[in-house]
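Below, read A as the first sequence line, B as the second, and so on, with proteins coming before strands; counting in each chain starts at 1. This structure is a prediction, so every number in the text was calculated from the model and none was measured. For the numbers below, each heavy atom of this structure counts, side chains included, while hydrogens, waters and symmetry mates do not.
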Amino acid sequence: PLMTSWALWFFKNERSRAWRENLQMVTRFDTVEDFWALYNNIKLPSKLSPGCDYALFRDGIEPMWEDSSNKRGGRWLVSLAKQLRHLDLDRLWLDTMLCLIGEGFGDYGPDVCGAVVNIRTKGDKIALWTREADSQASVMHIGRVYKERLGLSMKATIGYQAHADTATKSNSLARNKFVV
Amino acid sequence: GTRIIYDRKFLMECRNSP
């Protein structure tokens, strides 16, 4: 059994439909076996079309800023250079999911809401969403553990942006509130 | 309550178990 139930969501960008209609919950699971049964039967992120997302969130939290668990939160963002899609994307997304379902963030684990992988032509992104952007100790602990679990270089940095800041920036990236 | 925590090694081993 897992600590909590999780839901996998899939987003496919079809411009004729509203954003929310393009977001579908695939399934829920609450055991390690059911996680692997799901993982072994869906496409890897690197095989998805540009414009698609997967999101894995605690059951009951929708993968959008507006959800009450997300609206005060933010995300640790890992931006991948285009050439990394074939090298690192699938492993980084799997390790992100294993951190989530294994509750790898210690006492701050409940502050982790979920994660999203965006497949984009200009560069893929993986983001870990947390509940309270102002909880510095929690956000920093989660960021340090996450960076280590992904095996990112000491020289690399990842930034944390509050959703409230991201939501008001349509094109350029929101400022980093924290960096590890 | 009790926290259920699994490390990467355990989770990966579960993938391959029958």
Heavy-atom side-chain contact between B:Arg8 and A:Asp95 under 4.5 Å: yes
Single-linkage hydrophobic cluster A:Val112~A:Trp9, side-chain heavy atoms < 4.5 angstrom: no
Treating A:Trp36 as the side-chain partner and B:Met12 as the backbone partner, does any N or O pair qualify as donor plus acceptor under 3.5 Å? no
Could you work out, with ring-ring contact (aromatic ring centres under 6.0 Å, His included) as the rule, every residue matching A:Phe57, not counting sequence neighbours? A:Trp129
Over 12 foreign heavy atoms within 6.0 Å of CZ, A:Arg28: no
What's the separation between atom CG in B:Asp7 and atom CZ in A:Arg149, rounded to the nearest 0.5 Å? 7.5 Å
Please tell me if the side chains of A:Met3 and B:Tyr6 come closer than 4.5 Å, counting only heavy atoms from C-beta onward. no
Could you check which of A:Gly109, A:Gly106, A:Gly104 has the highest count of heavy-atom pairs closer than 4.5 Å to chain B? A:Gly106
Answer yes if A:Val145 and A:Leu92 sit in the same cluster of Ile, Leu, Val, Met, Phe, Trp and Tyr residues linked by side chain heavy atoms under 4.5 Å apart, and no otherwise. yes
Less than 4.5 Å apart, side chain to side chain, heavy atoms only: is that true for A:Val32 and B:Glu13? no
Closest non-hydrogen contact found for B:Ile4 with A:Leu2 is CD1-O, 3.8 Å
Which pair of heavy atoms, one from A:Pro110 and one from B:Arg3, lies closest together, and at what distance? CD-NH2, 4.1 Å
Point-to-point distance, once rounded to the nearest 0.5 Å, from CG of A:Leu94 to CZ of B:Arg15: 6.5 Å
Hydrophobic cluster identity match, A:Trp93 and A:Leu23, side-chain contacts under 4.5 Å: no
Identify whether A:Trp76 and A:Ile61 are in the same connected component of the hydrophobic contact network (ILVMFWY, side-chain heavy atoms under 4.5 Å). no
Part of A:Phe35 lying under 4.5 Å from any heavy atom of chain B: neither
Treating Ile, Leu, Val, Met, Phe, Trp and Tyr as nodes and any side-chain heavy-atom pair under 4.5 angstrom as an edge, say whether A:Leu56 and A:Leu150 lie in one connected cluster. yes
